[in-house]
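Remember, it's a predicted structure, so these values are computed and weren't measured experimentally. Lettering of chains follows the sequences in order, A, B, ..., and the numbering in each one begins at 1.
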Amino acid sequence: MPELPEVEILARHLRPLLRGRTIRSVDVRRVKILKPTSLRRFQKVLTGAKFTGLSRRGKYLLFGLEKSGKKILLLGHLGMTGKMFLALRNEKLPKHAAVVFDFGKANFIYEDTRYFGRMTLDLSAVEKLGPEPLDKKFSAAEFAENLKRSRQPIKVKLLDQSLVAGIGNIYAGEALFLAGISPRLSANRLNLAQVKKLHRAIRNVLTVAIKFGSTVPLKFLSGKSDGLFYFGRAAGTPDFYEERLRVYDRAGKPCANCGRPIKRIVQAARSTFYCPHCQNFH
DNA sequence: AACGCCGCCTGATCGC
DNA sequence: TGCGATCAGGCGGCGT
């Protein structure tokens, strides 16, 4: 599941590939993912528009475009299974291609097996996001203030995108392990020292994940081979962040710190992995 | 207004 | 062996 680091890696990959490309036509193969933008408006606004920039906010991609001097913002989200990539026009479209932008000799494809993602002109989702965790504006003081108002388990609260943007199931668990905090502890029960530790751990985990190429290899975020557009580190190289995960998907395996088995529990219908010994309740 | 629960989707896995 | 049932999971919407 793509989280902040994965989306950041993808944004860096796509930015130079998209810049200057003009959309000749827009093929929407699954209208649902445009919601709440209508198919008619989506096609009308984007046909003839030129990509000018690409940034990231939380787990969202913000595509900047321009058309007859007018600026357009297009929002993308990968959901659970989304991928975005360029492919030659004569290549066969993937089974679950949702949106295809025609660039001429190449296509820009957004495909999404489960269709949980989005490609839309509606920006309201981004306006509701909390601070960027790697931004200076993400302060421990404000973080502490917001945690005080919640009685949810801290792991569940970290998934709330209005608290901090971009954290998902994997990095929530990793940050809590690094901070030595139990995922089951109520958000409002963290003391100031723990909040500061967690604040630091979040930034650390995300920064290192980006540096090491994120948990999900780029090839899974941007299509199979990406053909001649393939970039960066070769798929399968041993330095993907996945191999550095301390707790995620490691149930029964030894804790990197104490050697005792990592435990799996379910919180808010999602898997949580943690070390009951190193992450105590206080 | 914080919070829990449902629905959206498909593919992988499970049980018989 | 084959097939239906179950599960996973980010997030918006809705009811309390």
Item to check | Phosphate-side-chain proximity, A:R270 and C:dC11, N/O vs OP1/OP2 below 4.0 Å | outcome: no

Item to check | Value in whole Å for how far the P atom of C:dG12 lies from CG of A:L129 | outcome: 8 Å

Checklist entry - Does A:S150 make a side-chain N or O approach to OP1 or OP2 of B:dC3 shorter than 4.0 Å? => result yes

Checklist entry - Looking only at side-chain N and O atoms, does A:Q161 come under 4.0 Å of OP1 or OP2 in C:dG10? => result no

Next on the checklist: Can you see if the side chain of A:R264 gets near the phosphate of C:dA8 - specifically, an N or O under 4.0 Å from OP1 or OP2?
Outcome noted: yes

Checklist outcome for this item: Here the distance between atom P of C:dG12 and atom CG of A:L75, to the nearest Å, is 10 Å

Item to check | Over 12 non-hydrogen atoms of neighbours within 6.0 angstrom of CZ in A:R15 | outcome: yes

Checklist entry - Choosing from C:dA8, C:dG10, B:dC3, which nucleotide comes nearest the side chain of A:R114? => result C:dA8

Checklist entry - Does A:R151 put a side-chain nitrogen or oxygen below 4.0 Å from OP1 or OP2 of B:dC3? => result no

Item to check | N/O (side chain, A:H77) to phosphate O (OP1/OP2, C:dC11) under 4.0 Å | outcome: yes

Checklist entry - Which is true for A:A125 with a 4.0 Å heavy-atom rule: it touches a base, it touches only sugar-phosphate, or it touches nothing? => result sugar-phosphate

Next on the checklist: It should be established whether A:S271 places a side-chain nitrogen or oxygen under 4.0 Å from OP1 or OP2 of nucleotide C:dG9.
Outcome noted: yes

Item to check | Nearest-angstrom distance from the residue atom CD of A:Q267 to C1' of C:dG9 | outcome: 15 Å

Item to check | Residue mapping more 5' on DNA chain C - nearest nucleotide basis, A:G168 or A:K35 | outcome: A:G168

Next on the checklist: Take a 6.0 Å sphere around NZ of A:K263 and say whether it holds more than 12 heavy atoms from other residues, nucleotides or ligands.
Outcome noted: no

Item to check | side-chain N/O A:K32 vs B:dC8 OP1/OP2, d < 4.0 Å | outcome: no

Checklist entry - With a non-hydrogen cut-off below 4.0 angstrom, is A:K59 in contact with a base, only sugar-phosphate, or nothing? => result sugar-phosphate

Next on the checklist: Distance check needed: C:dG13 P versus A:R118 CZ, whole Å only.
Outcome noted: 8 Å

Item to check | Between C1' of C:dC11 and CG of A:N169, the distance in whole Å | outcome: 13 Å

Checklist entry - In this structure, which one of A:K211, A:R56, A:R57, A:K59 forms a salt bridge (Lys or Arg N to Asp or Glu O under 4.0 Å) with A:E8? => result A:R56

Checklist entry - Closest to the A:R30 side chain: B:dC3, B:dT10, B:dA2? => result B:dT10

Checklist entry - For A:Y115 and B:dT10, is the gap between ring centres under 5.5 Å while the planes differ by less than 30°? => result no

Next on the checklist: Can you measure A:I167 atom CD1 to C:dG10 atom P for me and round it to whole angstrom units?
Outcome noted: 13 Å

Checklist entry - Could you state the NZ-C1' distance from A:K128 to B:dA1, rounded to the nearest angstrom? => result 15 Å

Item to check | Between B:dA2 (C1') and A:L147 (CG): distance, integer Å | outcome: 14 Å

Next on the checklist: Can you see if the side chain of A:K95 gets near the phosphate of B:dG11 - specifically, an N or O under 4.0 Å from OP1 or OP2?
Outcome noted: yes

Item to check | Within 6.0 angstrom of A:K35 NZ, more than 12 heavy atoms from elsewhere | outcome: no

Next on the checklist: Ring-plane angle category for A:F63 and A:F108, please: parallel below 30°, perpendicular beyond 60°, tilted otherwise.
Outcome noted: perpendicular

Next on the checklist: By the 4.0 Å heavy-atom rule, please label A:D112 as base, sugar-phosphate, or nothing.
Outcome noted: nothing

Checklist entry - With a distance cut-off below 6.0 Å to the six-membered ring centre and an angular limit of 45° from the axis, does A:R30 pair with A:Y115 as a cation-pi contact? => result yes

